[in-house]
Structure formats: C-alpha cells, structure tokens
Undergrad: 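There's a structure below that I have some questions on.
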Amino acid sequence: MTGSREAVLNAIRASLTEAVFPACHERLIRPSSLADVAGASAGLSHMLTTFTAELQALSAHAYSPAGPAEALDILLGIVRDCGAQAALAWDDEHLPLAGVRQALTAAGVPILDATLPGEAAARAARLALLLDRAAVGVTGALAGLADTGSVALLSGPGRGRLVSLLPPVHVALLPVTDLYPSLAAFFAAHPGLTRQASNLLFVTGPSRTADIEQVLTLGVHGPREVHVLLIPETSD
C-alpha cells in the first residue's frame, strides 16, 4: 500500500513540473448577470454606483473623495476612529495616493515593517508584534469588481499580503478608472495576471463566519472592517 501511495505522489510531483492549464475559450466567458451587460454599456458612472451599493451591502464602507487632499483626510479620519497606534502600508510607489506614509507618520502613527524573517523564532516574534500594534493596513488595489463589490489585490515586493490580512481594519485605495463590470471582464483585460505574482486576492467585504444557528460574526479570520477610497482621476 505504501509503495502504491508513493508511486501516485511521485507521478503527481513529476506532472507538476510540466502541467499546462487548458486554454479558456472566449465563448466560455459570459456575463454572470444582467448587471455585467448594464455596466459595460453604461460606463464608469454605472459601475461606480453599482460597486458602491454592493460594497455597502457587504457591511463595508465606500468613499468618493473629490481629490487627493480629501482622500488623505478621510484616511486619517479612519485611522483616528480605530485608535491605531501603528499601521502597516504598502510602499509609496504601489499606492495610488501620494503622501500616505508621510501623512500617517506625521499624525503619530508609525508604519511598521511587515517583512517576516525566515527564522522561526524571529518570525513568531515579529508576528506577535504586528498583531499587537498594527490596527490598520493600507493597500492599493489592482481593480474593483462592480457586480460583487470585490477588490483585487496583487501581492509582490513592497505590497505584502499581511497588510490586508492581519490588521483588524483594512483601507484599500482604488482608482475609479480601475473598476470592471465583472470578474470575467477583469480577467479578459489581464489574461496573464496569475503568472505575475505569488498571490492574487479578492477582498469581498470584511471577514465573516456563521455558526450552526446562522449568527454572523465579522472579523474572525481577517479584517472586521473594510474601507475603500475611490481615488478620482487627476489631470496632469
């Protein structure tokens, strides 16, 4: 029995080095709902309205600042309201709003290093520190999906996964020009995306779970609050 099991596992390991996903035919990508069709035809205004409504239905919060200064004010207000003593944030070049890290630091909210050491004891100590101190995480966003209110995050250097997963409050900065009517439309626009990073995450409202009596609890496996700032397009 042991020999058969090892043979199967060895076959799987060998195939993983050569496996190729089957091609997805264009005819298989269909709108998942009438909202997709309406969003595609009505344009950005419709997608923005739909996205905001879906996000709020998920117990998340959407904001439409008029410009960068108002966006920073809203961000700092969220940080003050959650009583953050420290924060996690993506690097400046991955945030669609200038001056975020500087504004947080000036407001007395230092940015902690979210890089985890490789050694087990040091890694555990860093995680304990971040869990204890980092009350808010600030990320950019690759896209927003209008039909579900989801936000797409792509991890990589300077945009770590912990920033959106570990703090109890997640603030995503999403350019309004990066809204898509649906998941299908998003992947059609980014066909090779899954090969560009180790992790592609779709955030659909706060973390939630329910017990056998269907009592819903937020924030059990991730952030209990999600705030999305829809950053307007600015002219040069």
Side-chain angles (χ1 to χ4, degrees), residues 1-33 36 54 58-60 88 90 94 113-132 134 137 139-145 147-168 170 172 180-224 226:
M1 193 70 172
T2 301
S4 299
R5 179 176 180 274
E6 286 301 318
V8 170
L9 292 176
N10 287 334
I12 293 173
R13 294 187 187 101
S15 67
L16 286 176
T17 62
E18 302 175 355
V20 177
F21 285 109
C24 177
H25 296 291
E26 186 177 351
R27 62 183 176 83
L28 295 179
I29 301 178
R30 301 186 179 92
S32 59
S33 68
D36 288 353
E54 292 295 328
L58 294 164
S59 301
L88 301 180
W90 282 5
H94 300 297
D113 183 5
T115 305
L116 297 181
E119 195 271 323
R123 186 183 185 90
R126 176 68 57 78
L127 279 171
L129 171 68
L130 296 179
L131 282 167
D132 181 59
T139 72
L142 180 63
L145 308 182
D147 62 343
T148 61
S150 302
V151 176
L153 307 179
L154 192 68
S155 66
R159 51 182 195 276
R161 285 173 285 186
L162 279 182
V163 179
S164 67
L165 296 173
L166 186 143
H170 174 208
Y180 293 84
S182 66
L183 182 66
F186 169 69
F187 276 122
H190 302 275
L193 186 62
T194 55
R195 297 183 179 91
Q196 296 176 15
S198 62
N199 183 263
L200 173 62
L201 175 68
F202 292 94
V203 176
T204 307
S207 168
R208 62 190 65 217
T209 190
D211 59 19
I212 196 171
E213 296 180 349
Q214 299 184 3
V215 177
L216 185 65
T217 304
L218 300 181
V220 175
H221 307 294
R224 66 172 179 266
V226 172

Undergrad: CG of L142 to CG of L201: how many Å apart, nearest 0.5 Å?
TA: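 So the gap between those two atoms works out to 11.5 Å.
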Undergrad: For the pair S150 (side chain) and L145 (backbone), establish whether a donor and an acceptor sit closer than 3.5 Å, ignoring hydrogens and angles.
TA: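 Not confirmed, S150 side chain does not pair with L145 backbone.
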Undergrad: Supply the atom-to-atom distance L162 CG to L116 CG, rounded to the nearest 0.5 angstrom.
TA: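 With rounding to 0.5 Å, CG (L162) is 5.0 Å from CG (L116).
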Undergrad: So which atom in E54 and which in G149 form the shortest heavy-atom distance, rounded to 0.1 Å?
TA: CB-N, 3.6 Å
Undergrad: Hey, what do you get for CG (L183) to CZ (F202), rounding to the nearest 0.5 Å?
TA: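 One finds 5.0 Å between CG of L183 and CZ of F202.
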Undergrad: Closest heavy-atom contact between W90 and L154?
TA: CH2-O, 4.0 Å
Undergrad: Could you pull out the closest heavy-atom pair between A189 and Y180, with the gap in Å?
TA: CB-CE2, 3.6 Å
Undergrad: State, to 0.1 Å, how close P167 and L88 come at their nearest heavy-atom pair, and which atoms those are.
TA: CG-CD1, 3.9 Å
Undergrad: Rounded to the nearest 0.5 Å, what's the gap from NE2 on H170 to CG on L153? Could you check?
TA: 5.0 Å
Undergrad: Kindly list each side-chain donor-acceptor pair under 3.5 angstrom involving residues 120-129, sequence neighbours excluded, with atom names and distances?
TA:
{"unit_1": "R123", "atom_1": "NH1", "unit_2": "P117", "atom_2": "O", "d": "3.4"}
{"unit_1": "R126", "atom_1": "NH1", "unit_2": "T115", "atom_2": "O", "d": "2.4"}

Undergrad: Minimum heavy-atom separation for V151 and A141, please, with both atom names.
TA: CG1-CB, 3.4 Å
Undergrad: Should L58 and T204 be marked as a side chain to side chain contact (heavy atoms under 4.5 Å, CB included) after you check the CA-CA gap, both sets of side-chain angles, and the distance that decides it?
TA: CA-CA 7 Å; L58 294 164; T204 307; 3.5 Å; yes
Undergrad: In Å, rounded to the nearest 0.5 Å, how long is the span from OG1 of T139 to NE2 of H94?
TA: 12.0 Å
Undergrad: Return the minimal non-hydrogen interatomic distance between P223 and S164, and the atom names on each side.
TA: CG-O, 3.1 Å
Undergrad: For F187, check ring-ring contact (aromatic ring centres under 6.0 Å, His included) against everything at least two apart and list the hits.
TA: none
